[in-house]
**Student:** 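Below is the structure I would like to discuss, written out as structure tokens.
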Amino acid sequence: MASKKKRVVQLDEKMQADDVVADDEEGSSDMDDDDDSSDGEVNEEIQVEFEARTIEDSDFHGTRALLQQLFLKAKIDLSEMANTIISQNYIGSVIKQIDIPDSDDEDDDMGEGDPVLGLITVININEKQNVECVKQFRSMLMEKCQACSQQQKERLSQILSDADQQVGYLISERYINIPPQISVPMYESLFKEMEKCTRKKMKYEFSHYILISKCYRPKGSDQLFYTNAEEELISKECEFSFIYSVASERDTVVDGKWDAEDQMEALRTVLVIPSENLQTAVANIKTALAAT
């Protein structure tokens with residue numbers, strides 16, 4: 001059964017026919033495994049529209065695949081995290097393509113016939129701190145922050161342990177080449193849903209958000225590139241951030257594949273964002289996109 005439609009994201013976007021691919025080897029689909037023309041480029045342009053839908057049980061595999069491309073080999077139970085996201089389906093959205101042509105192909109990683117191309121949601125990691133995958137996530141944050149300054153370690157520990165505050169793990173994932181324009185309506189809808197939940201006395205009024213952003217940089221360079229381009233603007237509004245490498249976990253895609261000499265180092269940037277600053281960041285994203 002199809003998911004309940006929440007709203008249409010009107011993006012009349014020209015994309016290459018083979019553009020929607022996974023960001024990371026561990027989380028990638030088998031979409032081009034059967035492509036016998038691997039030596040050639042597919043240059044056909046297609047018009048693509050997306051719609052946001054309420055997440056439901058049938059989106060489990062697609063949701064888990066998006067989490068996998070972010071976490072790779074991290075010791076986090078991604079099946080439990082996907083189920084946690086589905087259990088709070090009144091918050092967040094999955095992004096799917098409108099009017100997908102019928103196909104006999106099946107992709108187990110992406111779900112049957114109705115692939116999840118993007119996801120936005122937030123998990124309260126204070127309220128749910130006894131859920132095993134959330135425990136693992138919190139432990140991973142502190143572990144990756146060991147290389148931080150003492151001030152950053154103390155601040156992260158304080159934010160995570162403050163019983164009087166709520167902290168949201170913000171998940172904004174999609175497959176590469178789905179344009180950043182899609183992020184604005186996704187964030188705006190998420191804000192409205194959190195406000196609605198807060199009015200119902202649910203714990204979605206956060207002091208901080210934590211966002212893990214997929215990044216890369218050319219080896220030997222300090223220049224940092226964000227896979228989701230809008231997250232560079234979000235990074236400018238964070239209280240602090242720290243970076244860790246996932247190169248050893250065989251993170252793959254910036255442009256669909258690494259080059260033969262592995263010139264790019266795959267990274268993750270943890271952004272710790274005061275809640276009011278996220279609203280500012282999304283407004284800045286909207287302004288920046290309007291100017292392009």
Side-chain angles (χ1 to χ4, degrees), residues 5-13 15 23 48-55 66 70 85 88 90-96 117-126 152 155-156 159 165-200 202-215 223-243 268-292:
K5 296 180 182 179
K6 300 176 80 170
R7 64 212 160 270
V8 173
V9 180
Q10 296 290 354
L11 284 178
D12 190 25
E13 183 71 21
M15 299 174 65
D23 291 273
V48 178
E49 281 190 319
F50 303 100
E51 66 184 2
R53 300 183 186 178
T54 300
I55 190 169
L66 286 168
L70 177 66
I85 290 168
Q88 52 169 48
Y90 44 83
I91 285 288
S93 311
V94 290
I95 297 299
K96 300 189 177 185
L117 302 178
L119 166 70
I120 190 166
T121 191
V122 62
I123 298 174
N124 187 328
I125 61 172
N126 282 16
Q152 286 179 329
R155 182 59 178 142
L156 180 61
I159 289 171
Q165 301 290 344
Q166 306 301 318
V167 179
Y169 167 40
L170 179 63
I171 303 169
S172 178
E173 285 299 310
R174 62 181 184 267
Y175 288 106
I176 64 170
N177 294 330
I178 296 179
Q181 284 83 353
I182 206 169
S183 65
V184 172
M186 290 174 74
Y187 275 110
E188 290 178 339
S189 177
L190 183 66
F191 292 152
K192 291 177 183 177
E193 288 161 352
M194 289 192 293
E195 288 173 6
K196 184 176 180 179
C197 287
T198 299
R199 289 196 298 269
K200 294 179 178 180
M202 302 170 75
K203 295 181 178 179
Y204 286 94
E205 189 170 1
F206 299 110
S207 66
H208 290 79
Y209 297 96
I210 293 175
L211 172 67
I212 301 181
S213 181
K214 299 189 301 296
C215 301
Q223 189 171 9
L224 189 67
F225 298 92
Y226 288 80
T227 302
N228 292 344
E230 74 278 0
E231 290 172 6
E232 182 173 2
L233 291 176
I234 295 176
S235 73
K236 297 181 186 304
E237 299 295 332
C238 69
E239 179 179 332
F240 67 94
S241 64
F242 56 92
I243 297 173
R268 298 292 182 264
T269 300
V270 178
L271 306 175
V272 181
I273 314 153
S275 59
E276 63 274 12
N277 289 20
L278 184 61
Q279 296 265 5
T280 300
V282 172
N284 292 341
I285 293 166
K286 190 172 185 178
T287 299
L289 290 173
T292 60

**Student:** Given side chains that start at C-beta, do those of S183 and I285 come closer than 4.5 Å, heavy atoms only?
**Tutor:** yes
**Student:** List the steps and the verdict of side-chain contact (heavy atoms from CB on, under 4.5 Å) for Y90 and T54.
**Tutor:** CA-CA 7 Å; Y90 44 83; T54 300; over 6 Å; no
**Student:** Flag the pair I171 / L70 as yes when at least one side-chain heavy-atom distance between them is below 4.5 Å, and no otherwise.
**Tutor:** no
**Student:** Consider side chain to side chain contact (heavy atoms under 4.5 Å, CB included). Of V270, V122, I273, which one does I210 pass it with?
**Tutor:** V270
**Student:** So which heavy atom on K96 is nearest to which on L117, and how close?
**Tutor:**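 Nearest heavy atoms, K96 then L117: C-CD1, 4.4 Å.
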**Student:** Verify, without hydrogens or angle tests, whether S189 (side chain) and P185 (backbone) share a donor-acceptor contact under 3.5 angstrom.
**Tutor:**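 No: the side chain of S189 does not pair with the backbone of P185.
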**Student:** Any donor and acceptor pair, going by atom type alone, linking the side chain of N228 with main-chain N or O of E230 inside 3.5 Å?
**Tutor:**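 No, N228 side chain to E230 backbone: no donor-acceptor pair under 3.5 Å.
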**Student:** Could you check if a side-chain atom of I85 sits within less than 4.5 angstrom of a side-chain atom of L119, using non-hydrogen atoms only?
**Tutor:** yes
**Student:** Nearest 0.5 angstrom please: K203 NZ to T198 OG1, how far?
**Tutor:**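 If I round to the nearest 0.5 Å, the distance is 12.0 Å.
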**Student:** If we only count heavy atoms from C-beta on, is the Q88 to Y204 side-chain gap below 4.5 Å?
**Tutor:** yes
**Student:** A281 and E237: which non-hydrogen atoms are nearest, and at how many Å?
**Tutor:**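 Smallest heavy-atom distance, with atoms named: CB-CG, 3.7 Å.
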**Student:** Assess whether side-chain contact (heavy atoms from CB on, under 4.5 Å) is satisfied between C238 and V272, documenting all intermediate values.
**Tutor:** CA-CA 5 Å; C238 69; V272 181; 5.6 Å; no
**Student:** Taking all non-hydrogen atoms of both residues, which atom of L224 and which atom of C215 are closest, and how far apart?
**Tutor:** CD1-CB, 3.7 Å
**Student:** Where the side chain of E193 meets the backbone of I91, is there a donor-acceptor pair that is under 3.5 Å apart?
**Tutor:** no
**Student:** Heavy-atom distance under 4.5 Å between the side chains of L170 and Y187, does that happen here?
**Tutor:** yes
**Student:** Tell me, do V282 and F191 make a side-chain contact under 4.5 Å, heavy atoms counted?
**Tutor:**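 Yes - at least one pair of side-chain heavy atoms lies under 4.5 Å apart.
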**Student:** Can you measure from CD (E188) to CG (L190) and round to the nearest 0.5 angstrom?
**Tutor:**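 Between atom CD of E188 and atom CG of L190 there are 11.0 Å.
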**Student:** Distance check, rounded to the nearest 0.5 Å: S93 atom OG versus R53 atom CZ?
**Tutor:**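 S93 OG to R53 CZ: 11.5 Å, rounded to 0.5 Å.
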**Student:** Can you find a pair of side-chain heavy atoms, one from R174 and one from I95, that are under 4.5 Å apart?
**Tutor:**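 R174 does not reach I95 side chain to side chain.
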**Student:** Just verifying a value: how many Å separate I159 CD1 and H208 NE2, rounded to the nearest 0.5 Å?
**Tutor:** 4.0 Å
**Student:** CD/E276 to OG1/T280 distance, rounded to the nearest 0.5 angstrom?
**Tutor:** 7.5 Å
**Student:** Looking only at non-hydrogen atoms, find the nearest pair between S241 and L271 and report the distance.
**Tutor:** CB-CD2, 3.7 Å
**Student:** Using only atom types and a distance under 3.5 Å, with no angle test, would you say the side chain of N126 pairs donor to acceptor with the backbone of Q165?
**Tutor:**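 Yes: the side chain of N126 pairs with the backbone of Q165.
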**Student:** Taking the side chain as every heavy atom from C-beta outward, state whether L278 and F206 have any atom pair closer than 4.5 Å.
**Tutor:**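 No, their side chains stay 4.5 Å or more apart.
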**Student:** Is the CD atom of E205 crowded by more than 12 outside heavy atoms at less than 6.0 Å?
**Tutor:**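 No, CD of E205 has 12 or fewer neighbouring heavy atoms, counting only those of other groups under 6.0 Å.
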**Student:** Taking 4.0 angstrom as the limit, do K214 and E173 come out as a salt bridge?
**Tutor:** yes
**Student:** Could you tell me whether the side chain of T292 and the main chain of L289 form a donor-acceptor pair under 3.5 Å?
**Tutor:** yes
**Student:** Test Y209 against I234 for side-chain contact (heavy atoms from CB on, under 4.5 Å), laying out the working first.
**Tutor:** CA-CA 11 Å; Y209 297 96; I234 295 176; over 6 Å; no
**Student:** Over all heavy atoms of both residues, which pair between L66 and G118 is shortest? Give the atoms and the distance, please.
**Tutor:**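 That closest heavy-atom pairing would be CD1-C, 3.8 Å.
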**Student:** Between E232 and F225, is there a donor-acceptor pair closer than 3.5 Å when you use the side chain of the first and the backbone of the second?
**Tutor:**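 Checking the backbone N and O of F225 against the side chain of E232, no donor-acceptor pair under 3.5 Å is found.
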